[in-house]
Amino acid sequence: MRIDLHTHSSVSDGTDAPAELVAEAARAGVDVIALCDHDTFDGLAVAVAAGQRLGVSVLHGIEISAQHHGVSVHLLGYGCRIDDPALADELARIRQGRSGRVPAMLERLSRAGMPVPREVLDRYVGDSPSIGRPHLADAMVELGYVSDRREAFDRYLADGGPIFVGRYATPLGRGLDLVRDAGGVAVIAHPWGRVSRDELPASLLGRLAASGRLDGVEVDHQDHDPSTRAELRALASGLGLLTTGSSDYHGAGKKDHDLACNTTAPEVLAEIGARVAARGGLLVGEPPASV
Ligand code: AMP
Ligand code: MN
Ligand code: MN
Ligand code: MN
């Protein structure tokens, strides 16, 4: 049983359309995936329908752009009711922030001698409602300014980089409440990946665990080296937090993040399922008849 609880489609910043992502999972022999697009549920219905055709169980997920004292925190929500009004409003607010900063970033690129015409950017955004820096990175690759997304981030787009412009992100505590109130299970994505443990300290994870609002942490992730994984796993065990593992697959958009390169234990998924059921959420969606 191979379970990958963190994947992206082209509905956010992955490069596979939702049905292609599921087909890729089937080809790779992955039994369960959660689609966790950034700040949108729009890919779920098509992905669930494709999963039913192809024999892949597709779970309802999301990766919410949150922050704690200005430090970016990615919050995974599993099994949220996707029509929950408070959650939907907050996601819309984040997506507006994503779109709202684009002109300022294009302006910075122009001033830096790397103009990106809006039409070029829009080709990479496609019909994603959740525009992100990776789309801008893809346009920069096409225009020959950088060789890949990673270089675009390392030189220009990373937090604090010369082209970076901030945007709205949900306060972490509110994100946890929104996930819980929508029936979901909350897991902090790659807690000690790009964000260091100084910025997201064990003491904070301890407080969130003690408050009962945080369910787990993503331990097995490519942004965590073996010693980080070991420390995080020990911490989670002491705090009674669930631990997950996943690929954070972005299609061709992220190297070394192949589907199921990290996986989650079946017992952990069973516990997530039990918590979602107890909270009135929905982990496995029904595809609408029209899809
Ligand atoms: P945004 O959604 O605009 O905040 O951009 C963040 C997204 O960019 C993340 O979800 C990653 O998919 C991607 N990303 C962040 N840092 C890097 C990096 N150094 N290299 C490649 N992709 C990155
Ligand atoms: Mn991403
Ligand atoms: Mn993330
Ligand atoms: Mn992700």
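Since the structure is predicted, the reported quantities are computational estimates derived from the model, not experimental observations. Whatever order the structure lists them in is the order used to number ligands and atoms, beginning at 1.
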**Prompt:** What N, O or S atom of Asp248 is found closest to the Mn ion (ligand 4)?
**Reply:** OD1
**Message:** Looking at ligand 1, is there an atom of it that comes within less than 4.0 Å of some heavy atom belonging to Arg194?
**Reply:** yes
**Request:** Give a yes/no on ligand 1: does Pro134 have at least one heavy atom closer than 4.0 angstrom to it?
**Result:** yes
**Prompt:** Hey, which atoms in ligand 1 end up nearer than 4.0 Å to a heavy atom of Arg98?
**Reply:** 1 (P), 2 (O), 3 (O)
**Prompt:** How far does CD1 of Ile62 sit from OH of Tyr78, to the nearest 0.5 angstrom?
**Reply:** 11.5 Å
**Nearest neighbour in protein (non-hydrogen) for atom 5 (O) of ligand 1** = Arg133 NE, 3.3 Å
**Item:** Within-4.5 Å side-chain heavy-atom neighbours: Phe41 and His60
**Value:** no
**Asked** Ignoring hydrogens and geometry, is there a side-chain-to-backbone donor-acceptor pair from Ser99 to Arg95 under 3.5 Å?
**Response** yes
**Request:** Give the residue and atom name of whichever protein heavy atom lies nearest to atom 9 (C) of ligand 1, and the separation in Å to one decimal.
**Result:** Asp13 OD2, 4.0 Å
**Prompt:** Closest non-hydrogen protein atom to atom 21 (C) of ligand 1, residue and atom name please, with distance?
**Reply:** Phe153 CD1, 3.7 Å
**Prompt:** Near Asp127 CG, under 6.0 Å, is it more than 12 heavy atoms from other residues, nucleotides or ligands?
**Reply:** no
**Message:** Show, in sequence, the C-alpha distance, side-chain angles and deciding distance for His38 and Arg98, and conclude whether the side-chain contact (heavy atoms from CB on, under 4.5 Å) test is met.
**Reply:** CA-CA 11 Å; His38 297 282; Arg98 288 177 164 282; 3.6 Å; yes
**Prompt:** Got a sec: is His8 within less than 2.8 Å of the Mn ion (ligand 2) via an N/O/S atom?
**Reply:** no
**cation_pi(Arg93, Tyr168) dist<6.0 Å, angle<=45** = yes
**Request:** Note the single closest protein heavy atom to atom 12 (O) of ligand 1, along with its residue, its atom name and the distance in Å.
**Result:** His250 NE2, 3.0 Å
**Request:** Any chance you could lay out the side-chain hydrogen bond (donor to acceptor under 3.5 Å, both in side chains) test for Asn262 and Gln222, step after step, and finish with the verdict?
**Result:** CA-CA 8 Å; Asn262 301 295; Gln222 298 302 76; 3.0 Å; yes
**Prompt:** Would you say His74 and ligand 1 have an N/O pair spaced under 3.5 Å apart?
**Reply:** no
**Message:** List ligand 1 atoms under 4.0 Å from Arg101, heavy atoms only on the residue side.
**Reply:** 1 (P), 3 (O), 4 (O)
**Prompt:** Near Gly132, which atoms of ligand 1 are under 4.0 Å from a heavy atom of that residue?
**Reply:** 3 (O)
**Message:** Could you identify the N, O or S atom of Glu63 positioned closest to the Mn ion (ligand 4)?
**Reply:** OE1
**Prompt:** If you check every N/O/S atom of Asp13, which is the one nearest the Mn ion (ligand 2)?
**Reply:** OD2
**Request:** Answer yes or no: is there a side-chain heavy-atom contact under 4.5 Å between His6 and His190?
**Result:** yes
**Request:** Please indicate whether any nitrogen or oxygen in Arg149 is less than 3.5 Å from any nitrogen or oxygen in ligand 1.
**Result:** no
**Asked** Which atoms from ligand 1 have a heavy atom of Lys254 less than 4.0 Å away?
**Response** 11 (C), 12 (O)
**Asked** Between Leu176 and Leu208, is any pair of side-chain heavy atoms under 4.5 Å apart?
**Response** yes
**Request:** Confirm or rule out an N/O/S atom of His6, from backbone or side chain, lying less than 2.8 Å from the Mn ion (ligand 4).
**Result:** yes
**Request:** Run the numbers for me: atoms of ligand 1, each under 4.0 Å from some heavy atom of Arg150, listed by number.
**Result:** 20 (N)
**Asked** Do any N or O atoms from the side chain of His68 and from the backbone of Leu204 form a donor-acceptor pair under 3.5 angstrom?
**Response** no
**Request:** Could you tell me whether the side chain of Asp37 and the main chain of Ser9 form a donor-acceptor pair under 3.5 Å?
**Result:** yes
